[in-house]
Structures are given as C-alpha cells and as structure tokens.
Number of protein chains: 2
Amino acid sequence: MTTLKDIAKELGLSPATVSRALNGFPEVGARTRATVEEAAERMGYRPNPLAKKLVSGRSGMIGLVLKPDGSSQADPTLHEIMFGLSDQLAQRDMDLVFHASSSDDLLEPYKRLLDKNILDGFILNAPEEDDPRIRFLQERDVPFVVHGRAAGHDYAYYDIDNRGLARDSVDLLLNLGHRRIALLNGQAGRSYAQDREAGYRDAMGRAGLTVPEFAVQYGPANEDHGYTKGLALLSGRFGPRPTAIFCVSTPVAAGLYRAAQDIGLSIPGDLSVIAHDDAVPQMRAVNFEPALTVTRSPLRDACKPLAAKMEALLKGAPADILQTLAPVDLIARNSTGPVPTEGETPW
Amino acid sequence: MTTLKDIAKELGLSPATVSRALNGFPEVGARTRATVEEAAERMGYRPNPLAKKLVSGRSGMIGLVLKPDGSSQADPTLHEIMFGLSDQLAQRDMDLVFHASSSDDLLEPYKRLLDKNILDGFILNAPEEDDPRIRFLQERDVPFVVHGRAAGHDYAYYDIDNRGLARDSVDLLLNLGHRRIALLNGQAGRSYAQDREAGYRDAMGRAGLTVPEFAVQYGPANEDHGYTKGLALLSGRFGPRPTAIFCVSTPVAAGLYRAAQDIGLSIPGDLSVIAHDDAVPQMRAVNFEPALTVTRSPLRDACKPLAAKMEALLKGAPADILQTLAPVDLIARNSTGPVPTEGETPW
DNA sequence: TTCAAAATTCAAAACGTTTTAAATTCTGCG
DNA sequence: CGCAGAATTTAAAACGTTTTGAATTTTGAA
C-alpha cells in the first residue's frame, strides 16, 4: 500500500506538496504537479479515506436506515431505492451504509451510527408529520436529505408534487363525468398520503362535491390493502358504490382489479381506476388488463437528485436551496372511461 | 465531542493509561480504572472508530455487493438477507456497507470498495462454480464469508445441505411410488442449483431410474420460470408428463400450481409437488392450496452464523474451522400424494 | 546587481487513537 | 533501611492525511 509519504520520498518532496499537488491546489508548480501525478499513477496510490476523514471530517459514507415493515410483503419500493441510491452515490464516490432497524425506538439506530462517528450524513425516507428523526438530526446538526417532505420543511428534500398529481387524477375523472370518486390511500401518518388526500379534496371541493368519510381508505400501499378495501368500497356496504377510484400505488390498483373482478364489475365500464405509478419493474401499469391510467414518476428518478443534494450539502450548500418538487406526468390508458349512466348522482 | 485526551487531562493521567483502562488491559490499577470509567461515562466519551481503525486496521464495516438482477422481479430473498444481516452485524457492532453493482465487471465494485480502504471484510452470496470474486478476495487476502459454497471451498461459509435436501425430497416422492420425477431447478451456474441437482440424481440413480435431459429445467427461481417451464413439462411435449415435480423454491412452486390449474391437473391427485422453502414472509408454503410439502430452512437463519463467522474471522480465527453445513427439515403437507395409477411407468 | 514581492516548497503540528519502550511508583523481603 | 522485582504509569512514536506558518526559491523591476 503506497502512501503519500512514499511518493514524497520517491520524488524528494515533502508530503505537504504531494498532497497539494494531488488535490489541485493552485500554489503548486506545473512541473511539480505533473511529476507527482505521474508518480501517483505509477505507484498505484490510493488515498486512505480514514486518514482523510480523521483530519477533514469526511468519510464519504452515507447512512440509510429502514424499518423492516414486518407486516407487509417485501416492499419493491425499498429495493428500488436502495439499488438506485447505492448506484448514484457510488458515482459521486460515496457509499451507502445500510441499517435495518427492528428497534422500537426510531432514533436508536441513528444514535448508534452517529456514535461511531463515521458517517457524513443520512438519507431519510417516508417522513411523517413532525418526524422525530428530522428533529433529532437537525438538533445534532447532521446533514441529511429527505425523500419526500413533511410540513414546515426547512431541510433538503426531493419530493414529487403529490398534491398536484392527486388533483390532476381527480380532475381527469371529473371530466369524464364521475362524481362518486373514492381514494384508496396509503398509511395515514405518511406525508405523501396526506398530500395526495389534500389534492383529492381540493379537486372534489372545487367541483362542489362533498366527500363522505368512507370514501378515503388508509392502509399499507400493497395489493392486499387494495383488494380488501376495494371490496368493501365496491360491495355497496357504505352506500352507493363509487364509479371511480384513485389508488395510491399500482399494487393497490392490482388488488382493486381483483376485487372488481370478483364482484363482477368491468373496468372501465362499471368502474374507472387511476393510480399513481412508482414504475417499479415488477408491476408495470401497461401490463394491467385493461392497461392502467396513471400519474407516473419512477422511483429511480429520485435517486440521482437525492445523491446530488447530499453531495452539495456536504460541500456546504445551504439546505434551503436544495429543495425539489418534481412535477408528474399523467398517462391516460384504458382503465378510465365515462361515468356509467346510472352512477351520475353524487354522494 | 470528548476525546481520550480530554479524559486524560481531566484526570491528570496520560492518554495511554486511559486507553488501556477503557480497553480492559490487565496492567491498569483497579482504582484508576474505576476513575477512568466513571469519567468516560460522565463526559459521554465515544471512541472515534476512524482513529481506531487508522492504527488498528479495523473499522467494523462489512461490504455486501449485490447485482440488481435486472430481469426478474424484486427478489424477496435479497430483502430478507439484507435486513437480517444488517441486524445481526449491528448486534456485533459492525455495519453493512451496501453496494449495488450494475457494472459488467463483477470485481469492479469490490476493487472500488477495497481501494477506499475502509472495509474489514465482505459477505458474498450466491457463489458460482469457480467464482472469480472468491479468487480475487483470496488473492488480496481480504476476509470474507460466503453464503452458500462452491466446490473446493477453503474459506468460511454457511450453507444448507442442498444435496441432502434434494435427496430427501426425491426419496419422499419415490416412496409414494413416483417414478417420473422432474426438477424445476435454479440458474445453471449457481452452486446451490448444482448441489440440488446432484442430490436429485443421487436419489434417482439409487432407485435405478434414468433421468431424461428435459426432466431438469433451469432458470431464475421465480414464479414466471415455474409457470412457463411447468407448462412445458406438463404439456406432454417432451413425452409422458411427470407425476411429481421438485421445485427449487416456493415462488417456482407457485408458478407450477398455476400451470397445473391452467392445464386442468389436480394437486396432488394428478401431480405431486414438493419445493424447498426459504421461508420468506410473502410466500408462505402453508397458504398454498393445497398446502405445500417442503424442505424448509429460513433464510433468516443464515444471517446469524454469517455475522458470527465474520466476527470470528476478524478476530483471527482460521477460515477452515468456520464452515457450517446446516441440515434441513422436511415438512410433509398436502401437495404430495401417491402416484396416480396410470403414471407408474418410468421414463 | 540588488531587493522586494511573488511563487513555491517545507517542516511541523494536528486529527484521535493504540502501542512500544522507558520511567516511575509500589511491594515485600532480607 | 535498602533493594530487587512487580505493578503501574508515562512519553513518544505511529497510523496517513491536511493545514498552518515559516522558509526557500524564483521573478521582475530598479
């Protein structure tokens, strides 16, 4: 293993000069720099990041803490984020330190990792309203970037326009004449679920429609939830059944498709379905039968900005300029159609 | 941030003594040790692992490199391993550095991470026959533990008895009178697939049965593979169809169930099915209809020994005593039954 | 040629720990 | 009391880098 000193000795220079030459400082002579670079290359020099961090305070390691989410199925979402993030961080010469926390105490893993004193920052996902992790990291002055965003956000984040996409989705359904539009939402505390609900209520309100309590159903964004809550909604148990349903994710829509089939309703004849599509590879909206109308924003797309923001943050950029709210495309396919004639009366 | 020096100064001791006191060296006086421990506690001292590693060569960071496995669905297997491993490593005060390699060059991510000089070792999964990663890490003298094992293994590993479980599975089918037994195997190169095939052939050979080439089908261990290859096998296209099939995983069995249903075969009336069950939460063998007979070894069970072996390895234990081959239980349920009368003739 | 200023380079300290070798303080025995 | 040996503690070096402040060399103008 060649060190800075080795190169210095080899060239009869001081370690200081070699360090500066390799780090592009302006005060080092052109000839010297060339010599040093050549020698470094030739001797296969790799800086030791530990030593670097010891003096500079940077290790290039970024933490990601996830909850096992015991109940539900293996979340393809996490898979997508982890692989994408690792890839994008690597391209910026950072690495992902992954931690699965089974602990009840949300903050415990963060404390543990921070104690080790080896991480430069954290990526957080799925924030909740007034998330304790965010407060904690802010107090300790640890750099972090959030995927998603909760209210009162004075930190770096990347989020999609959840409120807007919900509005757009509902507007599309309204334009098709639907009035009884339900929302199969994600888990109640999550900010993305709240934002989408707000957008849904915006659109419904603007159309002068009231939203009965049962029209919004919460739960984990998976197929089971779509099936059971879909069944409940379509059974007529709550009153006249919705003619259109906006789903928080494609797996939820898949469950809803099954429920509709079991009940004998045709899509889009009896029921229009629209969903938000995270574009995970194993659940492709085009392969639905009929093909699913969606608002689409690939989870993968989030990884690059997240990594870039982290990089900028570590370089000293202020968090408040590192905020992105990405717009979302609406792709109309075959799961949405005009309201059936007998279903035009609002709730 | 309190350092060793701070404590030393506070107590009027030298950093050396403080270091020794906290690390349990025998030569430090009882009273001194008590004082030091008290002060460390009181001042909230956390050793800086970077400085530690700089001198000791240990960081407590363990690398795990995974391929995105683009084609297939989000592998619940990986999910299970990552969460379990992270948890078990954390219990031993180690951390998981995760890297998703999209690169064609298998070794590139290992090189990159090694260059950073920050990892203590690697966990490898799904080794192949004569795996280049293993050769590479051995050459460089990097500690590693393998989940699974390839031939000629002179390294630390944890594996289940793939050959034995395959033999047991086939024996069970043989005892029920089956003769035309097929194997829906995993991907050809993988050592676990090879071992299971060997066990299958052992049992078939001992029963004096020949195995036609089409009776062993390779592919990714997912539902699609089970469905398409199952359909092919059951269609009769290759000759008389098998009366029993041994599946390499429960998702494969799920695909096979669908294929059998589509073709109109009943399980276990017309077809017996047995599978190996990794016990991932989202595909429970008991919930199959009929409940699936399996050999069972939860993937989670692998994580603890893997972490423990890594810990031992780093403490200097020789790799060749850190080898475990775990036996596997066979659980008979309702997907296996006696051979149908018209299917008793061997291939 | 001389000298100040600019451009380079250097030696040493620092980061927080462990470890080596040496120094100091105890202990108990004669 | 004196001293060998044990027990304890210390100072200093080391790990590989960056950074500070000082020293050296080069440059250009007088």
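Proteins come first, then strands; the chains are lettered A, B, ... in the order of their sequence lines, and each starts at number 1. These numbers come from the heavy atoms of this one structure, side chains and all, not from hydrogens, waters or symmetry mates.
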Just how far, in rounded Å, is [atom2] of [N] from [atom1] of [X]?
X	N	atom1	atom2	answer
A/Leu4	D/dT17	CG	P	5 Å
A/Arg20	C/dA7	CZ	C1'	12 Å
A/Asn48	D/dG16	CG	C1'	6 Å
A/Leu54	C/dC15	CG	P	9 Å
B/Leu22	C/dT17	CG	P	10 Å
A/Asp6	D/dA14	CG	P	14 Å
B/Lys9	D/dT10	NZ	P	15 Å
A/Arg31	C/dA7	CZ	P	16 Å

- Message: Let's see if you can work this out: which of D/dT18, C/dT9, C/dG16 has an atom nearest to the side-chain heavy atoms of A/Leu13?
- Response: C/dT9
- Query: Taking the nucleotide of DNA chain D with the closest heavy atom to each, which residue, B/Arg33 or A/Pro47, is nearer the 5' end?
  - Reply: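 Residue closer to the 5' terminus by nearest nucleotide: B/Arg33.
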- Query: Can you tell me the Watson-Crick or wobble partner of C/dT25, both distances under 3.5 angstrom?
  - Reply: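 Base partner found: D/dA6.
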May I ask you to evaluate whether [X] reaches the phosphate of [N], defined as a side-chain N or O under 4.0 Å from OP1 or OP2?
X	N	value
B/Ser19	C/dT19	no
A/Asn23	D/dT18	yes
B/Ser14	D/dT10	yes
A/Thr17	C/dT8	no

- Task: Indicate, with a heavy-atom threshold strictly under 4.0 Å, whether B/Lys53 touches base, sugar-phosphate, or nothing.
- Result: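 Touches nothing.
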Less than 4.5 Å apart, side chain to side chain, heavy atoms only: is that true for [X] and [Y]?
X	Y	result
B/Ile160	B/Tyr192	no
A/Leu322	A/Val145	no
B/Asp278	B/Glu80	no

